[in-house]
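Here is the structure we will look at, set down as structure tokens.
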Number of protein chains: 2
Amino acid sequence: MQLRMTNQREMILRELVKNKQHFTADELYDIVKKLMPRISLATVYRNLEILSEAGIIGKLEISGRQKRFDYDPEDHDHIYCVVCQRVDNLNIDRTGDEAKRLALVEGYAVSGYRLEVIGICQNCQNKEKAKEKKQ
Amino acid sequence: MQLRMTNQREMILRELVKNKQHFTADELYDIVKKLMPRISLATVYRNLEILSEAGIIGKLEISGRQKRFDYDPEDHDHIYCVVCQRVDNLNIDRTGDEAKRLALVEGYAVSGYRLEVIGICQNCQNKEKAKEKKQ
DNA sequence: CTACAATTAGTATTGATTATTAATAGTAGG
DNA sequence: CCTACTATTAATAATCAATACTAATTGTAG
């Protein structure tokens, strides 16, 4: 099953990869709309789904948050900012031995895991510092 | 700010703790409705939110899935079944040294992390085996 | 009792995502 | 260059979890 590259699909992929950010579907919609004004939000959603299904991009489902899409399809972890919602990639060694050992106790057959590190990004730290000075 | 224990709130808490499962709001609503038929789904949602806010129960926001609530408010990780959506608790040592080290590279101030182990639970493994035998 | 504040039931609304559908575009074969 | 076929699209409706709203009810402190 060969993946046909339509103009819309290509544009969506290009803008995601070019910007190297973890966009939500509607953020990407706003960007692409400027270059292709008649594109539909549903098309963005559908193509992001298709592209991640095909392993060309990654899908990022962070707990309790809107879906984001990752220009890098390789398996890796993420860190995200609780203030501005920004997401960045992490490359933590994925041995996960302890997780597997514990999973056996519960009787699970483990296929993987997801690690989300939570914090405040540099930008938001700076903004907070600036605010403190004013007071 | 003392937490008032209304009948509804108490019932919701009791059923969650008693069953020792990670229920969604609507699952819990179905259970509680049998004992308190006039209760509203919004009341269940609201009280689960209040109880987790107060640290009496835990809130479980697993990537891309419906919220679940945890009878155990202590900080711990989870393992979940991709087949039946069941969730169980894990007690992995929470040092997270490597995560913190890497986060510094990105400039983040780390406040915590969330680890979700993914797999297939014992029940669903058994069911799959039974199905294979038939074929 | 009375007045006040918190909570509730019931329902409407929101927001993200998916489904539907008729129209359009791309392509392979003649 | 046509024609038939299939995939894709734009636009919009529908869905689903979660939250907001509102009038009625409950609990409580004087």
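As a basis for the values below, the full set of heavy atoms in this structure was taken, side chains included, without hydrogen atoms, waters or symmetry mates. Note on naming: letters A, B, ... go to the chains in the order of the sequence lines (proteins, then strands), and numbering restarts at 1 for each one.
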Task: Nucleotide-resolved protein contact map, nucleotides 7-20 of chain D, B/S/- at heavy-atom distance under 4.0 Å - done: SSBBBB----SBBB
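A/Ile62 has its CD1 atom 13 Å from the P atom of C/dT17, to the nearest Å. Rounding to whole angstrom units, NZ of residue B/Lys33 and P of C/dT8 are separated by 17 Å.
Applying the ring pair (Phe, Tyr, Trp, His ring centres under 6.0 Å) rule to B/Tyr29 yields no partners; only residues at least two apart in sequence or on another chain are considered. Every side chain to side chain contact (heavy atoms under 4.5 Å, CB included) that A/Thr6 has, sequence neighbours left out, goes to A/Gln8, A/Arg9. Not counting sequence neighbours, the partners of B/Asn19 by the side chain to side chain contact (heavy atoms under 4.5 Å, CB included) test are B/Glu15, B/Phe23. Contacts of A/Ser40 classified as side chain to side chain contact (heavy atoms under 4.5 Å, CB included), with partners at least two apart in sequence or in another chain: A/Ala42, A/Thr43.
Residue pairs satisfying the ring-ring contact (aromatic ring centres under 6.0 Å, His included) criterion with at least one member in residues 38-73 of chain B, sequence neighbours excluded, are listed as follows: B/His22-B/Tyr71.
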